[in-house]
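Below is one structure, written out as structure tokens; the observations come after it.
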There are 2 protein chains.
Amino acid sequence: MQARSTKLMKAPKRKARAKTGVRMPRAERREQILTHAADFFAEYGLTGQTRELATACGISQRLLYRFFPTKAALQAEVYARTILGPFEGAWLGNLTDRKLPIKQRLTDFYGNYYDKVLTRRWLRLFLYSSLAEGDMAPNYISAILVQLLETIVDEACFELKLEPPGEQDFKRELGWNLHGTISHLAIRRHIYHGPHTVPHARMIKAHVTSFVAGLPVVLEESNPPNGE
Amino acid sequence: MQARSTKLMKAPKRKARAKTGVRMPRAERREQILTHAADFFAEYGLTGQTRELATACGISQRLLYRFFPTKAALQAEVYARTILGPFEGAWLGNLTDRKLPIKQRLTDFYGNYYDKVLTRRWLRLFLYSSLAEGDMAPNYISAILVQLLETIVDEACFELKLEPPGEQDFKRELGWNLHGTISHLAIRRHIYHGPHTVPHARMIKAHVTSFVAGLPVVLEESNPPNGE
DNA sequence: CACATTTGTCGTCAACTGACGACTTATGAG
DNA sequence: CTCATAAGTCGTCAGTTGACGACAAATGTG
């Protein structure tokens with residue numbers, strides 16, 4: 001089909017070039033690519049093709065390689081921004097502000113976490129990455145999460161006048177009760193495309209309530225009267 | 001590079017054939033392929049290559065196409081068996097056996113569910129499929145899940161002498177509290193490769209306890225004294 | 001033993017895909 | 001206006017990948 005044979009043809013004919021769409025300063029274009037790439041790979045997975053990504057960006061495929069040496073390098077930067085980025089900053093925020101009731105602190109925190117972190121883009125990218133490899137930078141994430149989980153349990157125990165579990169691992173697992181439920185709420189919405197009839201804010205509140213109400217019972221049950 | 005030109009060459013030379021490994025009856029070979037394919041696609045995703053799958057099976061790539069017309073057809077059957085299969089049968093089992101305390105019923109059920117359904121293979125395949133498309137057969141799954149969730153909440157309410165929520169959607173969401181936490185426990189283990197220091201049986205018990213203890217409080221809070 | 005049937009492999013094609021050399025065009029400083 | 005430079009595209013290569021025609025070897029029936 002293609003005349004790619006002879007190789008002698010000088011081909012003096014010039015094909016009409018695409019009219020160089022919009023010309024952009026380097027930094028801005030780079031930014032635009034990264035933004036589109038985040039959405040693109042989140043939707044189609046890390047195996048999504050560079051040609052399709054370029055089309056989504058409205059540029060030629062070649063131009064991608066003017067900014068990133070390889071596809072993997074581009075994905076690494078997307079990951080760093082989209083996944084790692086939102087985790088930084090003062091996440092624990094007012095979670096430790098003991099002037100506020102724990103239920104309100106948790107509801108506020110997870111309302112924010114759900115909106116800012118557990119987005120479609122974040123979740124899908126995170127899952128695609130987690131599935132593809134053992135890790136990409138899970139240490140960083142898990143370090144922050146461990147901190148979060150312990151804080152949650154400690155703060156809840158403080159308000160409830162309970163002794164937090166001595167076992168670190170078990171304490172974290174208790175935190176996962178709430179964190180897992182809310183993460184799964186987002187997974188159902190963004191990955192499984194489940195119905196979303198009940199507003200998530202209402203369910204976050206309900207899950208926080210259940211967590212705080214269940215904690216004393218779980219602690220008592222797992223920590224029999226006859227001290228260890 | 002390749003001599004794909006002349007097309008006249010009769011090529012009378014024969015290369016030594018692979019010694020036809022093990023010869024197997026059709027049905028058995030088919031079974032073997034499906035088994036390996038489930039693990040293979042679960043590990044490497046639906047974009048895993050047929051050549052590598054064939055190698056994993058210890059057969060030639062061509063042989064796959066003696067049993068399945070296309071890669072997609074093979075994957076569809078893998079999905080039907082691995083994902084849909086475990087959901088069939090009397091799953092609700094003794095969940096409705098009111099002679100047993102609800103906590104024991106839930107602990108038994110989810111202990112079994114975690115071991116039989118939430119396996120590495122099942123979870124990874126399910127996630128890869130869910131991410132790849134809006135659905136593959138989610139209706140079937142969600143129909144069963146809805147049934148399960150309602151049963152859980154109804155049974156828990158019965159034992160606690162509480163009125164189940166009138167809103168169907170909200171009732172299901174309450175069931176997701178427990179179901180989501182346990183699903184997420186498996187996701188952490190099989191997808192995120194988180195540490196698994198606390199035995200899952202212990203955590204399932206704790207989560208069931210938390211759920212049952214939290215339910216009355218959630219119901220009361222969401223259903224203000226002043227009737228609707 | 002002969003041979004039809006079934007099980008299995010080789011080799012190849014066409015489309016796909018990451019990467020990149022060669023080239024074109026817009027922009028702005030002098 | 002001129003030209004260096006940066007922004008952008010075309011075309012192509014080499015390796016990959018789903019699919020399949022042609023052929024080979026094991027099996028068992030008469």
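Below, all heavy atoms of this structure are taken into account, side chains as well, without hydrogens, waters or symmetry copies. To find a chain, count down the sequence lines: A is the first, B the second, and so on, and within it residues start at 1.
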Just the atom pairs and distances: protein N or O near nucleotides 2-6 of chain C's N or O, under 3.5 Å.
from, atom 1, to, atom 2, distance (Å)
C:dT6, O2, B:Arg23, NH2, 2.4

> How far apart are the C-alpha atoms of A:Arg26 and A:Glu31, what are their side-chain angles, what is the distance that settles it, and do they pass the salt bridge (Lys or Arg N to Asp or Glu O under 4.0 Å) test?
Replying inline: CA-CA 9 Å; A:Arg26 185 168 178 83; A:Glu31 215 63 25; over 6 Å; no

> Please walk me through it: do A:His179 and A:Tyr110 pass side chain to side chain donor-acceptor pair (under 3.5 Å)?
Replying inline: CA-CA 9 Å; A:His179 198 87; A:Tyr110 275 111; 2.6 Å; yes

Atom-pair distance ([atom1] on [X]; [atom2] on [N]), nearest Å:
X: A:Phe68; N: D:dA7; atom1: CZ; atom2: P; value: 14 Å
X: A:Lys71; N: D:dT16; atom1: NZ; atom2: P; value: 14 Å
X: B:Arg51; N: D:dT16; atom1: CZ; atom2: C1'; value: 8 Å
X: B:Leu63; N: D:dA25; atom1: CG; atom2: P; value: 17 Å
X: B:Ile59; N: C:dT7; atom1: CD1; atom2: P; value: 13 Å
X: A:Glu28; N: C:dT27; atom1: CD; atom2: P; value: 13 Å
X: A:Leu53; N: C:dC16; atom1: CG; atom2: C1'; value: 16 Å
X: B:Ile33; N: C:dT7; atom1: CD1; atom2: P; value: 11 Å

Can you tell which of [options] lies closest to the side chain of [X]?
X: A:Arg62; options: D:dG18, C:dC20, C:dG18; value: C:dC20
X: A:Thr70; options: C:dG8, C:dA19, D:dG18; value: C:dA19
X: B:Met24; options: D:dT12, C:dG8, D:dT9; value: C:dG8

>> If we check side chain to side chain contact (heavy atoms under 4.5 Å, CB included) with A:Phe211, which of these qualifies: A:Ile152, A:Thr181, A:Ile182?
In response: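 Among A:Ile152, A:Thr181, A:Ile182, the one meeting side chain to side chain contact (heavy atoms under 4.5 Å, CB included) with A:Phe211 is A:Ile152.
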
Please check the phosphate of [N] (OP1 and OP2 only) for any side-chain N or O of [X] closer than 4.0 Å.
X: A:Tyr65; N: C:dA19; result: yes
X: A:Arg66; N: D:dA7; result: no
X: B:Thr50; N: D:dG18; result: yes

> Taking it one step at a time, do A:Arg172 and A:Glu167 satisfy salt bridge (Lys or Arg N to Asp or Glu O under 4.0 Å)?
Replying inline: CA-CA 9 Å; A:Arg172 290 172 198 159; A:Glu167 302 171 75; over 6 Å; no

>> Run the ring pair (Phe, Tyr, Trp, His ring centres under 6.0 Å) test on A:Tyr192 and B:Phe126 for me, step by step, so that the C-alpha distance in whole Å, both residues' side-chain angles and the decisive distance to 0.1 Å come before the verdict.
In response: CA-CA 9 Å; A:Tyr192 301 156; B:Phe126 188 65; 5.0 Å; yes

> So which one's nearest nucleotide on DNA chain C is more toward 5', B:Gln61 or B:Ala27?
Replying inline: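 Counting from the 5' end, the first nearest nucleotide belongs to B:Ala27.
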
> If you round to the nearest 0.5 Å, how far is CG of B:Leu95 from CG of B:Leu106?
Replying inline: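 Going from the CG atom of B:Leu106 to the CG atom of B:Leu95 covers 6.0 Å.
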
>> Is there a salt bridge (Lys or Arg N to Asp or Glu O under 4.0 Å) between A:Arg120 and A:Asp39? Walk through the geometry before answering.
In response: CA-CA 9 Å; A:Arg120 177 177 180 92; A:Asp39 283 326; over 6 Å; no

